[in-house]
Amino acid sequence: MDIIFYHPSFDNHYWVNALSRALPQANIRIWTRGDNAPADYALVWHPPVEMLKGRTLKGVFALGAGVDAILSQLKNNPDMLGESIPLFRLEDTGMALQMQEYAVSQVLHWFRRFDDYQTLKQQAKWQPLDEYEREDFTIGILGAGVLGAKVAESLHAWGFPLRCWSRSRKSLPGVTSFAGSNELSDFLHGTRVLINLLPNTPETAGIINHSLLEQLADNSYVMNLARGVHVVESDLLQALDSGKVKGAMLDVFNQEPLPANNPLWAHPCVAITPHVAAVTRPAEAIAFISRTIGQLERGEQVSGRVDRQRGY
Ligand SMILES: NC(=O)C1=CN([C@@H]2O[C@H](COP(=O)(O)OP(=O)(O)OC[C@H]3O[C@@H](n4cnc5c(N)ncnc54)[C@H](OP(=O)(O)O)[C@@H]3O)[C@@H](O)[C@H]2O)C=CC1
Ligand SMILES: O=C(O)C(=O)CO
């Protein structure tokens, strides 16, 4: 079995060595320009079109959870990957725990008013503030897939009222499920903390806009852990300036790296991380990929296949 590997920023040699240990029966090589030799599988992130074009692969694995970049490449280059070639993505592989850490720590930061205490500290003011009540701190999670469901689970342990919004109805302990565009308004009504874990698709791009933000509870908080394209930045800034939204924690942006002149950097109510909410963990990712390749080779059912029409 031949496997080609390409990632623009990972240590490709490290990955190929680790993959070779996990799949000793496979010949695994780093793909470089001009390599047209046969391959059974391709493991990629932001691959050059020529890497995949014209190949008859048994499968392509995205080295992350989101496949928006590769699907957008495919839209512009439909012959990059034949319709019958399955595309897989990483499911969890250590990312859910990272998302849980991120979401729980930030929700607690807001709930315990550490943002307000930081402001008071800058003024050298010793001033106990009113406590927030849990029942006024409803957390709404946009997207209840692999990562959204795990984030909900971790917040459930802290006793917050929880709701999620997805395409299909969910049954998650302690979480009220809202499904489909008809139920989005009800989901937003009363949501104090909005956490975004949707995939980037034509239906979800720009979803966090003026109309959505207006429907949140007053003094709400927004956490974007999914993709920058979900947030209309000018609408968020306006909501922050008006006080409708009290704080935003943003990991992903329309343009990455976020340009130095972007007003989000200087906004006092915005916290920023550089797309690190959940990174691909090699050991877990390699375990998932090698297990899935084994299942495919044996003709077994596999998980993680992307529905290209749906976009995630
Ligand atoms: N910032 C970072 O470091 C990282 C960001 N990400 C981002 O997180 C995203 C989510 O990952 P993951 O949880 O694995 O993805 P999943 O595909 O498992 O979950 C997606 C969820 O979104 C819901 N959804 C999709 N489209 C719609 C829609 N039109 N209306 C309502 N709900 C919708 C799905 O509903 P249903 O269940 O009904 O299908 C599902 O619940 C990734 O696509 C990626 O962009 C991922 C990893 C790291
Ligand atoms: O896996 C993904 O989709 C990511 O965004 C990794 O940071």
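For ligands, and for the atoms within them, numbers begin at 1 and follow the listed sequence. Every value quoted in this text rests on a predicted model; they were computed, and no experiment measured them.
Taking atom 22 (O) of ligand 1 as the reference point, the nearest protein heavy-atom neighbour is P199 CD, 3.2 Å. The closest protein non-hydrogen atom to atom 44 (C) of ligand 1 is R227 NH1, 3.7 Å. Distance from atom 35 (O) of ligand 1 to its nearest protein heavy atom, with residue and atom name: R167 N, 3.2 Å. In terms of protein heavy-atom proximity, atom 16 (P) of ligand 1 is closest to R89 NH2, 3.4 Å. The protein heavy-atom contact nearest to atom 17 (O) of ligand 1 is Y312 CD1, 3.3 Å. Ranking protein heavy atoms by distance to atom 11 (O) of ligand 1, first place goes to L147 CD1, 3.5 Å.
For the residues A149, A96, G143, S168, the heavy atom positioned nearest atom 38 (O) of ligand 1 is part of S168.
With a 6.0 Å cutoff to the six-membered ring centre and a 45° limit on the axis angle, R227 does not count as a cation-pi contact of F253. Taking the ring centre of Y312 as origin, the terminal cationic atom of R310 falls inside the region bounded by 6.0 Å and 45° from the ring axis.
In V252, the part holding a heavy atom less than 4.0 Å from any atom of ligand 1 is the side chain.
Taking the charged nitrogens against the carboxylate oxygens, K53 and D79 do have a contact shorter than 4.0 Å, which makes a salt bridge.
Classification of the Y6-W31 ring pair by plane angle, with boundaries at 30° and 60°, yields perpendicular. Between F187 and W165, the two ring planes are tilted [angle within 30° to 60°].
Taking only nitrogen or oxygen atoms, main chain and side chain alike, L225 reaches within less than 3.5 Å of ligand 1.
Those atoms of ligand 1 with a heavy atom of L198 less than 4.0 angstrom away are 9 (C), 22 (O), 23 (C), 24 (N), 32 (N), 33 (C).
Between L90 and F288, some side-chain heavy-atom pair lies under the 4.5 Å cut-off.
Taking the side-chain contact (heavy atoms from CB on, under 4.5 Å) definition, one finds that Q301 meets it with nothing, sequence neighbours left out.
D251 places no side-chain N or O within donor-acceptor distance of the main-chain N or O of I272, the cut-off being under 3.5 Å.
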Anything under 3.5 Å between an N or O on ligand 2 and a protein N or O? List each pair with its distance, or write none.
{"unit_1": "ligand 2", "atom_1": "1 (O)", "unit_2": "A65", "atom_2": "N", "d": "2.7"}
{"unit_1": "ligand 2", "atom_1": "3 (O)", "unit_2": "A65", "atom_2": "N", "d": "3.4"}
{"unit_1": "ligand 2", "atom_1": "3 (O)", "unit_2": "G66", "atom_2": "N", "d": "2.8"}
{"unit_1": "ligand 2", "atom_1": "3 (O)", "unit_2": "R227", "atom_2": "NH2", "d": "2.8"}
{"unit_1": "ligand 2", "atom_1": "5 (O)", "unit_2": "R227", "atom_2": "NH1", "d": "2.9"}
{"unit_1": "ligand 2", "atom_1": "5 (O)", "unit_2": "R227", "atom_2": "NH2", "d": "3.4"}
{"unit_1": "ligand 2", "atom_1": "5 (O)", "unit_2": "H275", "atom_2": "NE2", "d": "2.7"}
{"unit_1": "ligand 2", "atom_1": "7 (O)", "unit_2": "H275", "atom_2": "NE2", "d": "3.2"}
{"unit_1": "ligand 2", "atom_1": "7 (O)", "unit_2": "A278", "atom_2": "O", "d": "3.3"}

Can you check side chain to side chain contact (heavy atoms under 4.5 Å, CB included) on F88 and V60, steps first, answer last?
-> CA-CA 6 Å; F88 300 93; V60 172; over 6 Å; no
